[in-house]
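All remarks here apply to the structure that follows.
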Amino acid sequence: MDDNAVHQNQFVYLSGCETPVLSRLTYTSTAPFTVGLAFQVEPDEWVEWEFARDLLITGLHAPAGIGDVRIRPDLSPSDDDLLVIELESPDGYAAVEADRSEIQAFVDATLSRVPLGYESDRLDLDAVIANLTTARP
């Protein structure tokens, strides 16, 4: 197992669905500013999103995000342990309800790998630039 990566699977509810969907959160210290969130839509098919780890951290406690990804604690008085993640793209919109304590555990694990404020120390800027400037077919 890679000590520089965090992976967590959990079942979440998508807006309008009564059956939970398997989701996967991922984080790696080689991409210290981002987290990945994927949903299994078919046995071998996943829909994946990447967004800022800071957005997830802030969204655990207060509404965060103004773009395609918005995260907030559930505001209903009956479910204070849910986190709502809203995803929007040209293909559609989804609101995801996840267990807030499980997301907090994931965030805590990422912070144990790369504490806030130390992300730049783990970023290989030369590799990022090389990847961006490499010609693709």
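In this chain, residues are counted from 1 in sequence order. These values consider heavy atoms only, across backbone and side chains, with no hydrogens, waters or symmetry-generated copies. Every value quoted in this text rests on a predicted model; they were computed, and no experiment measured them.
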*Distance-minimising heavy-atom pair for A64 and G59*: CB-N, 3.8 Å

_Nearest-0.5 Å distance that lies between atom CD in Q8 and atom CD1 in I103_ = 6.0 Å

*Can you name the nearest heavy-atom pair linking W49 to S89, along with the distance?*
CH2-CB, 4.0 Å

*Should Y27 and V114 be marked as a side-chain contact (heavy atoms from CB on, under 4.5 Å) after you check the CA-CA gap, both sets of side-chain angles, and the distance that decides it?*
CA-CA 10 Å; Y27 177 81; V114 181; 3.4 Å; yes

*Has L116 got more than 12 heavy atoms of other residues, nucleotides or ligands less than 6.0 Å from its CG?*
yes

*Look up atom CH2 in W46 and atom OG in S23, then write down how far apart they are to the nearest 0.5 Å.*
7.5 Å

*asked:* On a heavy-atom basis, which atom in P63 and which in P73 lie closest, and how many Å separate them?
replied: N-CD, 4.2 Å

*Apply side-chain contact (heavy atoms from CB on, under 4.5 Å) to L87 and F39, showing your working.*
CA-CA 12 Å; L87 305 167; F39 306 99; 3.5 Å; yes

*What are the two closest heavy atoms between T26 and H7, and how far apart are they?*
CG2-ND1, 3.3 Å

*Shared ILVMFWY cluster between I85 and Y13, side chains joined below 4.5 angstrom?*
no

*Measuring from R53:CZ to L25:CG, what's the distance to the nearest 0.5 Å?*
13.0 Å

_From CA spacing to verdict: side-chain contact (heavy atoms from CB on, under 4.5 Å), R24, L37_ = CA-CA 6 Å; R24 175 180 63 213; L37 175 61; over 6 Å; no

_Tell me whether V12 shares a hydrophobic cluster with V41, the cluster being built from Ile, Leu, Val, Met, Phe, Trp, Tyr side chains joined at under 4.5 Å._
yes

*asked:* Quick check on the hydrophobic clustering: are L55 and V84 connected, directly or via other members, by side-chain heavy-atom contacts under 4.5 Å?
replied: no

*Heavy-atom donor-acceptor pair, E102 side chain to A105 backbone, under 3.5 Å*: no

*What's the spacing between R100 CZ and I71 CD1 if we round to 0.5 Å?*
12.5 Å

*Sole candidate of L83, D81, L82 that passes side-chain contact (heavy atoms from CB on, under 4.5 Å) when paired with D74*: L82

*asked:* Please determine whether the number of non-hydrogen atoms from other residues, nucleotides or ligands lying under 6.0 Å from atom CZ of F33 exceeds 12.
replied: yes

_Residues D68, E86; criterion side-chain contact (heavy atoms from CB on, under 4.5 Å); working and verdict_ = CA-CA 8 Å; D68 296 340; E86 297 176 284; over 6 Å; no

*Side chain T110, main chain V107, donor-acceptor under 3.5 Å*: yes

*Inter-residue atom distance D99.CG - Q104.CD, 0.5 Å rounding*: 11.0 Å

*Less than 4.5 Å apart, any side-chain heavy atom of V6 and any of R113?*
yes

*Say you draw a straight line from CZ of F51 to CG of L56; how long is it, rounded to the nearest 0.5 Å?*
5.0 Å

